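The structure under discussion appears below in the form of structure tokens.
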Amino acid sequence: MNRVIAIDGPSGSGKSTVARCLGIKLGFLHVDSGALYRIMTWQALQHQVDTQSEAALAAFAPQVDVSFSVRDGAVVYAVQGVEPGDCIRTPEINQHASPVAKAPAVRTRVTNWLRDLRQLGDLVVEGRDIGSVVFPDTPARFYLDAAPEERARRRHTEENQKGIAAQTPEAVLASLLNRDRIDSSRATAPLKIADGAMVLDTTALSIEQVVQAVYANLPAAWRAS
Ligand code: DC
């Protein structure tokens with residue numbers, strides 16, 4: 001059975017960068033599970049599905065077809081041959097993603113995709129419920145967190161660098177706190193610390209320090225020589 005490193009935590013906790021760096025260091029494929037919830041959201045909006053309606057999302061979720069391929073050490077996604085790129089990272093998608101990710105039918109679809117990806121190789125998977133629900137059997141479970149202001153600062157910088165619609169730092173913080181609230185309080189697979197997960201506060205740590213801390217706490221046999 002291929003190995004899985006689960007990295008959970010709220011937005012801006014450093015999951016993506018850390019997961020990518022770890023993947024490169026260990027030769028594990030990077031999997032961004034949030035991007036799959038964003039793709040579901042993007043598709044729902046494109047097809048005028050009411051993102052607040054669990055019934056509408058339950059009917060829609062099984063129709064979304066995502067294809068998977070591996071490029072540059074990561075699993076990449078396409079819908080009907082189109083890779084979504086940054087159009088799944090807009091403020092509009094940010095706003096609708098948490099309601100969509102709350103819907104049990106959406107979660108089932110994404111969870112099944114993620115579990116199937118294990119056939120492709122060893123994985124480092126980032127998300128909210130990876131250690132608690134998707135791969136609870138993995139011995140490598142981590143939960144990253146950081147102060148909300150620092151998380152918002154990181155997201156704001158990232159959005160500016162990508163040239164995504166200008167939002168004030170305050171607006172980024174408000175949107176992020178709203179998503180955290182919905183993600184942590186939903187009934188199905190809420191954002192939480194998985195049993196036995198190692199918790200790391202990344203507020204004052206560099207990426208390299210976080211990567212080292214995760215690496216040092218992997219099962220000994222997994223560490224590259
Ligand atoms: O990590 P992100 O901001 O790209 O995630 C987008 C949305 O998907 C966010 O509302 C959290 C949700 N999500 C989730 O519920 N479970 C996951 N495993 C990953 C993301």
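In listed order, ligands and their atoms are each counted from 1. Note that this is a predicted model, so its numbers are computed, not measured.
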Using the salt bridge (charged side-chain N to carboxylate O under 4.0 Å, His left out) definition, which of the options Arg128, Arg107, Lys192, Lys102 pairs with Asp183? Arg128

Is there a donor in the side chain of Thr17 and an acceptor in the side chain of Arg154, or the other way round, less than 3.5 Å apart? no

Heavy-atom closest contact (Ser11 atom, Arg179 atom, distance): OG-NH1, 3.4 Å

Any donor-acceptor pair under 3.5 Å linking the side-chain atoms of Asn112 with those of Arg115? no

Do Gln95 and Ser175 get their side chains close enough for a donor-acceptor pair, meaning under 3.5 Å? no

Aromatic plane relationship, Tyr77 with Phe68 - under 30° parallel, 30 to 60° tilted, over 60° perpendicular: perpendicular

Approximate separation, where rounding is to 0.5 Å, of Leu205 CG and Glu150 CD: 10.0 Å

Starting from atom 7 (C) of ligand 1, locate the nearest protein heavy atom and write down its residue, its atom name and how far away it is, to 0.1 Å. Ala97 CB, 3.9 Å

Considering only protein heavy atoms, which is closest to atom 4 (O) of ligand 1, and at what distance to one decimal place? Arg38 NE, 2.7 Å

So which protein heavy atom does atom 12 (C) of ligand 1 come closest to, and at what separation? Ala101 CB, 3.8 Å

Closest non-hydrogen contact found for Ala146 with Thr202 is CB-OG1, 3.5 Å

Nearest non-hydrogen atom to atom 5 (O) of ligand 1 belongs to which of Ser132, Gly34, Gly12? Gly34

Show me which atoms of ligand 1 lie under 4.0 Å from any heavy atom of Arg179. 3 (O)

For atom 18 (N) of ligand 1, what is the nearest protein heavy atom, given as residue, atom name and distance? Asp129 OD1, 2.8 Å

Which ligand 1 atoms does Ser98 reach within 4.0 Å, using its non-hydrogen atoms? 10 (O)

Heavy-atom contact check, 4.0 Å cutoff: does Arg186 meet ligand 1? yes

Atom 19 (C) of ligand 1 has as its nearest protein heavy atom Ser33 OG, 3.3 Å

Note the single closest protein heavy atom to atom 1 (O) of ligand 1, along with its residue, its atom name and the distance in Å. Arg128 NH1, 2.8 Å

Report the distance from atom CZ of Arg20 to atom CD of Glu126, rounding to the nearest 0.5 Å. 7.5 Å

Closest to atom 16 (N) of ligand 1 among protein heavy atoms sits Arg107 NH2, 3.0 Å

Please identify which atoms of ligand 1 are closer than 4.0 Å to at least one heavy atom of Asp183. 9 (C), 10 (O), 11 (C)

Any Glu126 heavy atom less than 4.0 Å from ligand 1: no

If you have a sec, work out which protein heavy atom is nearest atom 8 (O) of ligand 1 and how many Å separate them, to one decimal? Tyr37 CB, 3.4 Å

